[in-house]
Structures are given as structure tokens and as C-alpha cells.
K.L.:
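Okay, here's the structure, questions in a sec.
Computed from heavy atoms alone, side chains included, the values below leave out hydrogens, waters and symmetry copies. Order of the sequence lines sets the chain letters (A, B, ...), proteins ahead of strands, with each chain counted from 1.
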Amino acid sequence: MHDIRFIREKPAFFDKALARRGLGSVALQLAELDQRRRAAQTAFQEMQAKRNEASRQIGEVKKQGGDAAAQLAEVAALKEALGTAEIQEKALGKEIDDLLMGIPNLPADDVPDGKDETANVELRRNGKPPVFSFAPLEHDAIGERLGLMDFGAAAKLSGARFVVLKGALARLERALAAFMLDLHTGENGYTEINPPFLVRDEALFGTGQLPKFGEDLFRANTGHWLIPTAEVPLTNLVQGEIVDEAQLPLRMTALTPCFRSEAGAAGRDTRGMIRQHQFSKVELVSIAHPDASAAEHERMTACAEMVLQRLGLPYRVMALCCGDMGFSAMKTYDIEVWLPGQNCYREISSCSNCGDFQARRMNARFRGAGDKGTRFVHTLNGSGLAVGRTLVAILENYQQSDGAVLVPEALRPYMGGLDRIVPHV
RNA sequence: GGAAGGGUGGGUGAGUGGCUUAAACCAGCGGUUUGCUAAACCGUCGUAGGAUGUCAAGUCCUACCGGGGGUUCGAAUCCCCCCCCUUCCGCCA
């Protein structure tokens, strides 16, 4: 959500930034609506002032037993105009809000230009893709050969885009999640949170999924929404709050299932575990001081990278261009993991600094010691990491010619000491 | 699901139609006093929007007591709907 005053004061700057996202100009239209709204408001308020004064007189006259007919007539004359003025002012306000709510965050200055993922900029690589003496398989073939990944069974239960994991692969999923949480809570300073997976409209509005992207979500018959990411409950923990400046940054992590309807993704990644209606993810969220959010963004990305380093998975870090960023982000880094079976890098984490965009929607503020007023916090979120896709990466990078899959050293304590997963008989 | 009680500024909490311009206290901020600290005393202290003004200071106005609607000349206060919290009952892992 943008500040209408900012748009009013710097319309050219605002439109220029939106143009980098490939969007047309709206600032002049908004400024014009805003001016009409303020004029309507002034007219309305002047009438209210008159009415209040007359009402006050009525009270006085009546108390002294007099006849207040003149004042009553004055108020009656005002009544109709007052009603229409109020309606007009509210209608203009709603028109402005509806427009504002649909406008994405402005990209930060250092975000690369470009309209789609082909313009993203690679920042760094880590780890070398493994060399195989055989043609590496994709993860679903590996999982099915192990007898521990069953898409047919999942289809029977739930339809397409679901999976059933069994035995060592089910445990591997659990091990990965536990490993990530231990790393982020034990070494990276995040507090573990176990949030609700069903949330109200307000929470999704705060983080920016609503009102525009309801199509991508699942909704329960109670009106609750299934969370598409733990970003929603974690970030909304500060909704409506005034945090002490000394407590910033708040760093939170959570393991949750994520539910996405994948509307509009028909035909994309239909095979395998890459794109599912349900997956688990360890999420990182920071509530930061505005002056510290850029550094926090780098730190968060490094925390996510650390997971891949410990697991020995090759990856690269991409700076998303303006056109490829999500609605609420002012700057985003994607981490892409190497998948030998697909012979390409695939997104496994996305770390975004949302600036004050979500904070404004949520009314999340902080106050410095002794400060009179409050300021909006900055919010950041990142995957640390998507558990399902990490499992995919392990299967593909650690596959052996005999059909077994090695367990990365870091995970062995979480796997009861198991060092390799072998085909199930 | 049933019943009852609640939701008021940063916090506690008073307020049953005009005396509220939301009391009081706490916290905060400024000051006085003071070897230091503490205490005491005095002052100040909500948010948003608008008008005016030199993009200032200031002055004035409006709205805001969980959200929305209604009654009324006038609503924190009365009525209706919704949300949330607490307690009890029922059901339940």
C-alpha cells in the first residue's frame, strides 16, 4: 500500500518507478481523485461544524426551557446536504483505496531493469555440479525406483499435484525440516514459531495476497484461507502493533505446510514434486528497522544459502529484475539449486525486502525510546528453504549408479545414522 | 453449538443521550528541588485528515472509544448485524 501523500508530492517519480515494472501511469489520476476527495471532505466537515454548533445551542436553549425551533429548522435544512456530502466523500475515498491496493511495491534503485526472468542477474555461484558416469535421472524417477515416492497413490487420494512419500523419503523430508530449523534457531538467531495454517482475510491483505491474488489460494468453508506460505502468519504477528525499537530486528522462523491452487500453472511442471498444491517450507521472516533492512536482506539470503552449503548442494543467487518480482517486494534475491536430472538451476528460495509496503497495509510500527511519533517497520521474508524442492535436489545430486541415494553428512544424525537410501524391496 | 460478561489513548481504567474538549493513575518527555540516586512538585503528553499560513511556527475545524449500519437536533452512551476476548456448559484430539 502506497502513501497517497507521497504520490501527490512526487507523481513523476512514482510513475517512473511503476514504469520499471511495466505498468502505466496512475499518479495524476490518483492526485486528481485525491484533490476531489479533499474538497468533498472540507465541504462535509464545514457542514458538520455548523450542525454541531446548532445542536449545542439546542441543548442550551432546552435546558433553559426555551424554544429551539430556529436551530431545529437549521439542522433539518442541513440534513440532506450532509448525507450526500458524506456519501460523496466515502465514494471517492473508496475509489482511491481500491486503486492504491492494487498497485505493487516500487522497485528499489538497485533492482535490475527488465520485464521477465530472462533479465534476472546472476550474482554468484557456489559449489560445482556433480559429474556422473551415467545419465542422471530426474527426482521422480529416482523416488519411484526407490519405491518410496508414489504419485499414483496421491492421485487416488487427492488428484494431481500431490505426492505420497514413504519410509526413508518420508523421514528425509522430516530430517530436512528439522535440520533447517535447528540451523536457523541455533546458529542464525531466529525464534521458532508454530503458527496457524488457516488465516483470516485481514492477514492475507496485510502481506499483499489479497485483494488481488485470491485465485491462487485455497479457501475453507468457514471463510478461512489456507496459508500459501508462513510469511503470512509470521509477518502478521506484528499487525497493528507498535514494537519497541530496541527489540528490532525480530527474526522468526517456522515450518509449515504451504497450500497453493496453482491457478494458471496448468501444463507447467506437471510431473514430479516441483510444483504441488501442498508442500512444506521453512520460512524466515524479519521485522527490521528501516535503516537496517537492506543489510538484513543480505543476512537473510546468507542464512538460506547456508542450508545449501551444509547440504553440499550447488546453487546460484539471482537478483530478480523489476518485471519478475512479486507484488509486495521492493527487492528480491532468488536462490536456484542445481538439478542434474533436469540439467538446470531451479528456484529453491526467494528472499524479499518489502520495505514499509506490507507494514503500511498492516499498520505495523515501531517507536524509539523517547520518540513522540511512530514509524512503519520494514518487513522481509525468505524461504530457508522449500523442503520439498530440497528433497528433490538431494535425490538428483546424490543419486548413485546402483539406484541408491547417499544421505548428506549433515542429515545423517537426523536419519538415525543412515548414510544411503537403497531401493525398497 | 448454548449461556453470561467484556472490547475505551502507549498501559491500567472511569464514563447510562448535551456538564467529555474522553476523568484519573502509570509510563514517556521538559523543568524545579537535589552531594549522587530516589522521591516530591510543576508543566507537557493520542492518531488521522482538512482549512489557513512562507513546504515554518501558530491558529481553527472534522473524524476516531473492536468493525459496520440505524435511531436522534445531538451517540463512547440507545437499537441491529458482525468480529474478537474471558468464563461456564455441551461436543471433541
K.L.:
Sticking with atom P, work out how far rA22(B) lies from rC60(B), rounded to a whole angstrom.
P.N.:
15 Å

K.L.:
Pick the C1' atom in rC19(B) and in rG74(B), then give their distance to the nearest Å.
P.N.:
15 Å

K.L.:
Expressed as a whole number of Å, how far does the P atom of rG9(B) sit from that of rA4(B)?
P.N.:
26 Å

K.L.:
CD of Glu86(A) versus P of rG50(B): gap in Å, rounded?
P.N.:
18 Å

K.L.:
Which nucleotide, if any, forms a Watson-Crick or G-U wobble pair with rU54(B), using both distances under 3.5 Å?
P.N.:
none

K.L.:
Considering Watson-Crick and G-U wobble pairs with both distances under 3.5 Å, what does rG9(B) pair with?
P.N.:
none

K.L.:
Who does rU86(B) pair with, Watson-Crick or G-U, both distances under 3.5 Å?
P.N.:
rA4(B)

K.L.:
Side-chain donor-acceptor pair under 3.5 Å between Glu245(A) and His289(A), yes or no?
P.N.:
yes

K.L.:
Provide the Watson-Crick or G-U wobble partner of rU16(B), both distances under 3.5 Å; none if there is no partner.
P.N.:
none

K.L.:
So what does Ala49(A) hit on the nucleic acid, given a heavy-atom distance under 4.0 Å: a base, only sugar-phosphate, or nothing?
P.N.:
sugar-phosphate

K.L.:
Check the orientation of Phe14(A) and Phe6(A). Use parallel for under 30°, tilted for 30 to 60°, and perpendicular for over 60°.
P.N.:
perpendicular

K.L.:
Rounded to whole Å, please give me the gap between CG in Asp3(A) and C1' in rU47(B).
P.N.:
15 Å

K.L.:
What integer distance in Å separates His224(A):NE2 from rC83(B):C1'?
P.N.:
11 Å

K.L.:
Under 3.5 Å, is there a donor-acceptor pair linking the side chains of Thr379(A) and Gln358(A)?
P.N.:
yes

K.L.:
Is there a Watson-Crick or G-U wobble partner for rC91(B) with both distances under 3.5 Å, and which nucleotide is it?
P.N.:
none

K.L.:
Please name the nucleotide paired to rA40(B) by Watson-Crick or G-U wobble geometry with both distances under 3.5 Å, or report none.
P.N.:
rU32(B)

K.L.:
With under 30° as parallel and over 60° as perpendicular, where do the rings of Tyr333(A) and His297(A) fit, or are they tilted in between?
P.N.:
parallel

K.L.:
Under 4.0 Å between a side-chain N or O of Asn52(A) and OP1 or OP2 of rA63(B)?
P.N.:
yes

K.L.:
Does a side-chain N or O from Arg360(A) land closer than 4.0 Å to OP1 or OP2 of rA48(B), or not?
P.N.:
no

K.L.:
At under 4.0 Å between heavy atoms, what does Arg365(A) touch on the DNA or RNA strands: base, sugar-phosphate, or nothing?
P.N.:
nothing

K.L.:
Grab the CD-C1' distance between Glu202(A) and rC83(B) for me, whole Å please.
P.N.:
8 Å

K.L.:
Round to the nearest Å and state the distance from Asn363(A) atom CG to rG46(B) atom C1'.
P.N.:
13 Å

K.L.:
How far, in whole Å, is rC78(B) from rG17(B) if one measures between their P atoms?
P.N.:
8 Å

K.L.:
Touch check for Arg8(A), heavy atoms < 4.0 angstrom, all strands: base, sugar-phosphate only, or nothing?
P.N.:
sugar-phosphate

K.L.:
When rounded to the nearest Å, what value does the distance between C1' atoms of rU12(B) and rG30(B) take?
P.N.:
24 Å

K.L.:
Whole-Å distance between rC61(B) P and Met47(A) CE?
P.N.:
18 Å

K.L.:
Find the distance Gln48(A):CD to rA75(B):C1' and express it as a whole number of Å.
P.N.:
14 Å

K.L.:
Sort out the partner of rU47(B) for me: Watson-Crick or G-U wobble, both distances under 3.5 Å, none otherwise.
P.N.:
rA63(B)

K.L.:
Could you tell me whether Lys90(A) contacts a base, only the sugar-phosphate backbone, or nothing, with contacts defined as non-hydrogen atoms closer than 4.0 Å?
P.N.:
sugar-phosphate

K.L.:
Starting at atom CD1 of Ile58(A), determine the distance to atom C1' of rG18(B), rounded to an integer number of angstrom.
P.N.:
10 Å

K.L.:
In whole Å, measure the gap between the C1' atoms of rC91(B) and rA3(B) for me.
P.N.:
16 Å

K.L.:
State whether Tyr414(A) and Arg174(A) meet the cation-pi test: NZ (Lys) or CZ (Arg) under 6.0 Å from the six-membered ring centroid, and within 45° of the perpendicular axis.
P.N.:
no

K.L.:
On the side chain of Gln45(A), is there an atom forming a donor-acceptor pair with the base of rG49(B) - under 3.5 Å, no angle test?
P.N.:
yes

K.L.:
So which nucleotide does rU72(B) pair with, by the Watson-Crick or G-U wobble rule with both distances under 3.5 Å?
P.N.:
none

K.L.:
In a check of side chain to side chain donor-acceptor pair (under 3.5 Å) between Asp201(A) and each of Gln209(A), Arg219(A), His224(A), which one passes?
P.N.:
Arg219(A)

K.L.:
Taking the nucleotide of RNA chain B with the nearest heavy atom to each, does Ser55(A) or Gln41(A) sit closer to the 5' end?
P.N.:
Ser55(A)

K.L.:
Which whole number of Å gives the distance between the P atom of rG6(B) and that of rU62(B)?
P.N.:
32 Å

K.L.:
It should be established whether Arg200(A) places a side-chain nitrogen or oxygen under 4.0 Å from OP1 or OP2 of nucleotide rC84(B).
P.N.:
yes

K.L.:
Distance check, P atoms only: rG50(B) and rA23(B), in whole angstrom units.
P.N.:
26 Å

K.L.:
Consider side chain to side chain donor-acceptor pair (under 3.5 Å). Of Glu336(A), Gln309(A), Arg346(A), which one does Tyr315(A) pass it with?
P.N.:
Gln309(A)

